[in-house]
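What follows is a set of notes on a single structure, which appears directly below.
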Amino acid sequence: MADIDFTITQDNVKTEMTKVWEMANKGLKGGTVLVTLGREKKSRAQEKCYHAQINDFAKIEVNGSIHKPKIWKAMLVTEFAKERMEMGKPLAKGVQHVLSLCGQFMITVRPETKEFTIPDANEFIEFLNAKAVEYEVVFSNTALTAYQTYREANG
């Protein structure tokens with residue numbers, strides 16, 4: 001059985017919940033059905049925006065090195081989590097420091113952007129804008145277009 005998402009609002013709760021009931025009832029013929037409720041995480045526009053921004057960080061040198069986007073993402077997300085902690089607004093799943101299996105060094109596990117809420121992603125995008133100024137990153141047309149699309153989608 002395929003996963004199906006329903007976006008339920010005050011305006012459509014009755015019709016959408018009727019659809020959920022109908023589908024669950026139909027699916028029960030094949031066995032137990034799992035219905036999960038949750039809140040929407042970040043939007044696709046937010047994701048595209050911060051990935052485009054991070055790609056532009058990968059064009060600059062920092063501490064004598066040029067890093068790939070995935071390294072920049074790790075550095076920027078970790079720094080973002082640190083700033084949020086210092087502001088008294090820690091991410092739900094923040095940075096973790098764990099002892100290695102050999103017991104000789106600490107491993108830092110950064111938060112995952114897939115766990116960001118919509119407000120977290122909004123703040124992360126603005127954090128990236130501030131860091132871009134700090135590191136003299138010039139955003140590409142791709143990043144600027146993604147930012148404009150994100151802004152339009154978020155009012």
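Model, not experiment: these values are computed from the prediction.
To the nearest 0.5 Å, atom CG of residue L128 and atom NZ of residue K73 are 10.5 Å apart. One finds the CD1 atom of I71 at 12.0 Å from the CD1 atom of I54 (value rounded to the nearest 0.5 Å). With values rounded to the nearest 0.5 angstrom, T117 atom OG1 is found 13.0 Å from F124 atom CZ. Between atom CE of residue M17 and atom CD1 of residue I8 there is a gap of 5.0 Å, rounded to the nearest 0.5 Å. To the nearest 0.5 Å, atom CD of residue E16 and atom CG of residue D11 are 11.5 Å apart. Rounded to the nearest 0.5 angstrom, T142 OG1 and K48 NZ are separated by 11.5 Å.
Of all heavy-atom pairs between D56 and S140, the closest is OD2-N, 2.7 Å. In plain terms, the two heavy atoms of V33 and A24 that are nearest each other are CG2-O, 3.7 Å. When every heavy atom of A52 is checked against every heavy atom of A146, the shortest pair comes out as CB-CB, 4.2 Å. For the pair G94 and P111, the tightest heavy-atom approach, listed with the atom from each and the gap, is C-CG, 3.7 Å. Taking all atoms of both residues into account, the shortest heavy-atom contact from V77 to T113 is CG2-CG2, 3.7 Å. Annotation for A58 and K68: closest pair CB-C, 4.1 Å, computed over non-hydrogen atoms.
Remark: the N129 side chain and the E126 side chain contain an N/O donor-acceptor pair separated by less than 3.5 Å.
A distance-only check finds a donor-acceptor pair linking the side chain of Q46 to the backbone of I118 [under 3.5 Å]. Between the side chain of S100 and the backbone N or O of F105 there is at least one donor-acceptor pair closer than 3.5 Å.
The aromatic rings of Y147 and Y150 are tilted relative to each other, their planes meeting at an angle between 30° and 60°.
Within a 6.0 Å sphere centred on CG of N25, other residues, nucleotides and ligands contribute more than 12 heavy atoms. When the shell of 6.0 Å around CG of L101 is examined, it contains 12 or fewer heavy atoms from other residues, nucleotides or ligands. The environment of E134 atom CD is dense: over 12 non-hydrogen atoms of other residues, nucleotides or ligands sit within 6.0 angstrom.
A continuous path of hydrophobic side-chain contacts links L76 to F139 [ILVMFWY only; heavy atoms under 4.5 Å]. Linking ILVMFWY side-chain heavy atoms closer than 4.5 Å, directly or via other members, places V20 and V13 in a single hydrophobic cluster. Hydrophobic cluster membership is shared by L144 and F127, with clusters built from Ile, Leu, Val, Met, Phe, Trp and Tyr side chains linked at under 4.5 angstrom. A continuous path of hydrophobic side-chain contacts links L28 to M23 [ILVMFWY only; heavy atoms under 4.5 Å].
A salt bridge between E22 and K26 is absent, with no side-chain N of the basic residue lying under 4.0 Å from a carboxylate O of the acidic one. Ionic pairing of K42 and E47 is present here: one or more N-O contacts between side-chain nitrogen and carboxylate oxygen are shorter than 4.0 angstrom.
Side-chain contact between D120 and R84 is present, with at least one heavy-atom pair separated by less than 4.5 Å. Put simply, the side chain of F57 does not reach to within 4.5 Å of the side chain of V62, judged on heavy atoms. Inter-residue side-chain proximity for I107 and H97 is flagged as unmet; no heavy-atom pair is nearer than 4.5 Å.
Residues meeting the salt bridge (Lys or Arg N to Asp or Glu O under 4.0 Å) test with E83, sequence neighbours left out: K131.
Aromatic rings of F80 and Y50 (six-membered ring for Trp) have centroids beyond the 6.0 Å cut-off, not under it.
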Stepwise side-chain contact (heavy atoms from CB on, under 4.5 Å) check, F6 with V35:
CA-CA 11 Å; F6 291 89; V35 177; over 6 Å; no

Go through the steps to decide whether L99 and M106 satisfy the test side-chain contact (heavy atoms from CB on, under 4.5 Å), and finish with yes or no.
CA-CA 5 Å; L99 188 60; M106 296 299 291; 3.8 Å; yes

